[in-house]
Amino acid sequence: MPHVPHTLDADAVRTWSSLAVSALGRAREEIDAINVYPVADGDTGTNLLLTAEAAAGAVEEAFAAAAGAPSLQECVRAYARGALIGARGNSGTILAQLLRGMADVLAADPATPLAPLTSVAPAAPETPEAREADAARSLAAALARGAASTYEAVAHPVEGTMLTVAAAAAAATRTVGDSPAAVARAAYDAARAALAHTPEQLAVLGRAGVVDAGGCGVVAVLGALWEALSGQHPAPGPVLAPGAAAAAAAGPVVGPEPCSHEGEDGPAYEVTYLLDAPDGAVGALRDRLDGLGDSLVVVGGEGLWNVHVHVDDPGAAVEAGVEAGRPYRIRITHFGDQRARARAERVQRAVVAVVPGEGLAGLCRDAGATSVLAPAGEPPTTAALLDAVRRAHAREVVLLPGDASARGPAAAAAERARAEGVRVAVVPTRSAVQALAALAVHDPDGSFDEDVVAMTAAAGATRYGELALAERESLTSAGFCQAGDVLGLIDGDVAVIGAALPDTAEAVLARMLGSGGELVTLVLGPEVPDALADRLEAYVRERHLAVDTVVYRGGRHSAPLLIGVE
């Protein structure tokens, strides 16, 4: 169905963000398949989609937070910030900077006049035509600023990439100004034309017979912008060079003659992180990282930055961030693993488990599951879960959300994955110990339905407990607690309030074993001594002779103690 055309306002940005996600979702596999620059790792389409999803999610949050509808300025700031925080990979980071540059113009003080375009004379703001002309000039200026900012963010810009496509789109809008839709159409058409010429500008693209993958993403995003403003559908799919369609059908391209840093002789790791740092510290950071590797992109501003670089020494890249400020959401990826996954056939079945600690994540990986780390109180996003499902690279996926707060994102991720042809079932686990119980009975060789039923039954037969510290005085289901009290939760409700962790833990375990059990699972937090596990194991041996006990370390981010009774 055609979309209702919008003027350049918050609703237009909201529609644009949604259509961009849809366009990149449709093109993701094709873009991944033709990805040869800067690294032939087959993930450019995925990274662009994840970035767009994070940006669209921020727009939805802006609408939810506004009493009515947010202003255009609030909406474009949210769109850019969401992309910055959620940017993935080289291409996603550059897309985030393109949106930020556009937001710098569109979120500027509406009272600040813009210089008229060559063919547009200043008009009185009272008429609808004048307002449309003003909006057209704003959009053209935003596209120009966005394209220029992408060149500023990249340490060593290369032509024939998404930078070139964005610059061509911006240049085409300089003399078009009767409406925002006309500006968007001119940008889209110019981007498609520029994309078709990228194999002539970048040798590695020409050898592979494909256009630039990141440039395909820019075309998709600009096509979504034109659709949002005009209500008309852009031509289906990104433009492909001769041979690119065949390459896409054959799978990810790994060129036989990769150039410098995108081949297997280049840097071994991709390092990305968010960075809280003063703007003045970023120049030195750029210089330091530029000396460590290549494909350096640093985007952001006003104290928040997204850093992307390819290096052989990932520790040094992170240390550079520590010297500049506070790095977090650190992600280190080995290109060899990415290439192997891109080349590999899909496995039949995989498990994706959400866990609250790094030790549990390692435990799940050892059991063959793809883990998603989600510290207590920080449920994973739909984008993170969908990314994990894709990384599992399977035809069938069993998703273990591990916490009630993750059920919504898990259901949304499953729906998106099903639309991409993956069979997904969500087992309604409410604790990491239930996820461990489900994982223990996972049978990858049995039928999918039987496997899901068995995992669901194992999770449902596991009572779960948790110990936490009260942050403030409050009324609980077990009575009043004071700040600093130890809370013992059973199946999500406070059952015991105590002064000391060992006594409270034993009281919780006693209640949980009161109705029987065969196996006790203890997951200790990073600061909990082994003596607590020894005490609880001794209690089980003395009081419940037929019950076995296993102990794991939850690792950083996990709760002080998790208890499972199967």
Side-chain angles (χ1 to χ4, degrees), residues 35-44 46-47 50-51 84-94 96-97 150 152-158 161 204 214 252 254-255 257-300 303-343 358-359 361-362 365 370-371 373 384 387 391 555-557:
N35 170 203
V36 298
Y37 185 88
V39 177
D41 50 0
D43 69 350
T44 289
T46 298
N47 286 337
L50 290 172
T51 304
L84 175 65
I85 292 175
R88 296 290 292 271
N90 186 288
S91 54
T93 308
I94 294 173
Q97 187 67 358
T150 61
E152 296 167 1
V154 177
H156 302 284
V158 174
T161 63
V204 66
V254 181
E257 304 176 51
C259 58
S260 64
H261 60 290
E262 78 271 3
E264 296 185 7
D265 294 332
Y269 296 92
E270 177 186 62
V271 177
T272 62
Y273 50 81
L274 292 178
L275 178 70
D276 289 337
D279 294 6
V282 174
L285 174 65
R286 290 179 193 270
D287 292 341
R288 173 86 181 278
L289 293 176
D290 197 23
L292 291 174
D294 55 30
S295 293
L296 173 61
V297 186
V298 181
V299 304
L304 177 62
W305 306 85
N306 193 307
V307 178
H308 170 281
V309 67
H310 295 171
V311 294
D312 283 319
D313 187 350
V318 175
E319 288 173 6
V322 172
E323 292 179 4
R326 184 179 73 90
Y328 56 103
R329 293 197 189 178
I330 300 167
R331 184 181 178 91
I332 299 174
T333 305
H334 188 265
F335 286 126
D337 295 340
Q338 280 191 315
R339 293 188 183 101
R341 187 166 60 247
R343 292 179 176 129
E358 292 176 349
R365 286 194 296 269
T370 298
S371 60
L373 183 61
D387 179 39
R391 284 190 286 113
R556 194 159 61 104
H557 301 307

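In this text the structure is predicted, and so the values were computed from the model without any measurement.
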Nearest heavy-atom neighbours spanning [X] and [Y]:
X      : Y      : answer
Leu289 : Ala320 : CD2-CB, 3.9 Å
Ala96  : Ala87  : CB-CB, 4.1 Å
Ala324 : Ala281 : O-CB, 3.7 Å
Asp312 : Ala268 : OD1-N, 2.9 Å
Glu270 : His308 : OE2-NE2, 2.8 Å

- Query: For the side-chain hydrogen bond (donor to acceptor under 3.5 Å, both in side chains) test, which of Thr93, Thr51, Asp387 pairs with Arg88?
  - Reply: Asp387
- Task: Indicate whether the side chain of His310 and that of Asn90 have a donor and an acceptor atom separated by less than 3.5 Å.
- Result: no
- Taking the side chain as C-beta and beyond, is there a heavy-atom pair between Val297 and Ile94 under 4.5 Å? yes
Check whether any side-chain N or O of [X] sits under 3.5 Å from a backbone N or O of [Y] as a donor-acceptor pair, and report yes or no.
X      : Y      : result
Arg391 : Thr370 : no
Trp305 : Ala277 : yes
Asn306 : Leu84  : yes
Tyr273 : Ala317 : yes
Asp279 : Gly303 : yes

- Ile85 and Leu304: side-chain contact (heavy atoms from CB on, under 4.5 Å), yes or no, with the steps? CA-CA 9 Å; Ile85 292 175; Leu304 177 62; 4.0 Å; yes
Between [atom1] on residue [X] and [atom2] on residue [Y], distance to nearest 0.5 Å:
X      : Y      : atom1 : atom2 : result
Ile330 : Leu275 : CD1   : CG    : 9.5 Å
Asp294 : His156 : CG    : NE2   : 8.5 Å
Arg331 : Leu274 : CZ    : CG    : 12.0 Å
Leu285 : Asp290 : CG    : CG    : 10.5 Å

- Message: Checking Leu292 against Asp313 for the side-chain contact (heavy atoms from CB on, under 4.5 Å) test, could you report, in this order, the C-alpha distance in whole Å, the side-chain angles of both residues, the deciding distance, and whether it holds?
- Response: CA-CA 8 Å; Leu292 291 174; Asp313 187 350; 5.5 Å; no
